[in-house]
Colleague: 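Structure incoming, see below.
Each residue takes its place number in the sequence, starting with 1.
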Amino acid sequence: MSTATSLRHRSLPTTLSLRLSVEAAARRGEPLVVMTTLDGCPYCDLVRLHLVPMSDAGAVLAVQIDIRDRQGRLEDFLGRPSSPAEQAGLFKARFAPTVLFLGPKGEELAERLVGMAVPELYGGYLEVRLEEARAKLKRV
């Protein structure tokens with residue numbers, strides 16, 4: 001199995017608490033990267049080809065939430081009970097994949113990436129958004 005094939009089948013971690021995840025990212029001076037996903041989404045798999053290695057290397061703190069999961073428990077940014085689907089709705093992230101770059105209060109620090117239009121260019125788009133989010137985070 002090739003590296004790309006094995007990565008395609010790996011997931012980002014899920015989280016039980018957006019509050020704790022964003023606090024952990026902020027302690028590192030990083031934005032929290034949240035990817036919305038759907039089970040079986042091939043475009044989500046392509047985005048993971050970029051995010052999983054970055055997460056594994058400690059370059060980003062990234063989590064995923066399923067936009068259809070209404071049963072799962074997910075604490076919001078204020079510590080209130082919620083679900084992944086409810087949070088995706090609050091983010092207005094109706095499409096998978098959507099990648100958000102969030103600050104300490106859950107605010108978006110850079111323009112989100114929606115979908116996967118040009119796979120060959122996606123890594124560059126991702127890097128630009130991360131740098132933008134990091135720069136904005138330093139000014140906060």
Colleague: Between Arg19 and Glu23, is there a salt bridge with N-O shorter than 4.0 Å?
Modeller: yes
Colleague: Any luck finding a side-chain donor-acceptor pair between Gln64 and Thr37 under 3.5 Å?
Modeller: no
Colleague: Do Leu12 and Leu113 land in one hydrophobic cluster if side-chain heavy atoms of ILVMFWY residues count as linked below 4.5 Å?
Modeller: yes
Colleague: Which pair of heavy atoms, one from Pro97 and one from Cys44, lies closest together, and at what distance?
Modeller: N-SG, 3.8 Å
Colleague: Could you grab the distance from atom CZ of Arg68 to atom CG of Asp66, nearest 0.5 Å is fine?
Modeller: 7.5 Å
Colleague: Looking at OG of Ser83 and CD1 of Ile65, how far apart are the two atoms once the value is rounded to the nearest 0.5 Å?
Modeller: 8.5 Å
Colleague: Kindly work out whether a path of hydrophobic side-chain contacts (I/L/V/M/F/W/Y, heavy atoms less than 4.5 Å apart) joins Val99 to Leu49.
Modeller: yes
Colleague: To the nearest 0.5 Å, how far apart are CG in Leu51 and OH in Tyr122?
Modeller: 6.0 Å
Colleague: State, to 0.1 Å, how close Ala133 and Phe101 come at their nearest heavy-atom pair, and which atoms those are.
Modeller: CB-CB, 3.9 Å
Colleague: Can you tell me how far apart CG (Leu137) and CG (Leu102) are? Round to the nearest 0.5 Å.
Modeller: 11.0 Å
Colleague: Out of curiosity, does Val47 fall in the hydrophobic cluster containing Val34 (side-chain heavy atoms, cut-off under 4.5 Å, transitive links)?
Modeller: no
Colleague: Could you tell me whether the side chain of Thr36 and the main chain of Phe95 form a donor-acceptor pair under 3.5 Å?
Modeller: yes
Colleague: Before accepting this row, confirm whether a basic side-chain N of the pair Arg134/Glu30 lies closer than 4.0 Å to the acidic partner's carboxylate O.
Modeller: yes
Colleague: Shortest non-hydrogen contact from Cys41 to Ala96?
Modeller: SG-O, 3.9 Å
Colleague: For residues Met116 and Leu130: do they belong to one hydrophobic cluster (side chain heavy atoms under 4.5 Å, members Ile, Leu, Val, Met, Phe, Trp, Tyr)?
Modeller: yes
Colleague: Can you confirm whether more than 12 heavy atoms, excluding those of Tyr43, are under 6.0 Å from its OH atom?
Modeller: no
Colleague: How far does OH of Tyr125 sit from NE2 of His50, to the nearest 0.5 angstrom?
Modeller: 11.5 Å
Colleague: Does some side-chain heavy atom of Phe91 sit less than 4.5 Å from a side-chain heavy atom of Leu100?
Modeller: yes
Colleague: Restricting to salt bridge (Lys or Arg N to Asp or Glu O under 4.0 Å), what partner residues turn up for Glu108, sequence neighbours left out?
Modeller: Arg112
Colleague: Measuring only between side-chain heavy atoms, which start at C-beta, is Glu132 closer than 4.5 Å to Leu109?
Modeller: no
Colleague: Going hydrophobic residue to hydrophobic residue with side-chain gaps under 4.5 angstrom, can you get from Leu121 over to Met35?
Modeller: yes
Colleague: Does CZ belonging to Arg73 count more than 12 external heavy atoms closer than 6.0 Å?
Modeller: no
Colleague: Could you walk me through whether Ser82 and Glu75 pass side chain to side chain contact (heavy atoms under 4.5 Å, CB included), step by step?
Modeller: CA-CA 5 Å; Ser82 184; Glu75 184 179 82; over 6 Å; no
Colleague: Quick check on side-chain contact (heavy atoms from CB on, under 4.5 Å): which of Thr14, Leu16, Leu32 does Ser21 satisfy it with?
Modeller: Leu32
Colleague: Of Leu61, Leu74, Val22, which is the lone residue that meets side-chain contact (heavy atoms from CB on, under 4.5 Å) with Thr15?
Modeller: Leu74
Colleague: Quick one: does any side-chain atom of Arg129 pair with a main-chain N or O of Gly124 as donor and acceptor, under 3.5 Å?
Modeller: no
Colleague: Would a distance-only check, ignoring hydrogens and angles, find a side-chain to backbone donor-acceptor pair under 3.5 Å from Glu107 to Lys105?
Modeller: yes
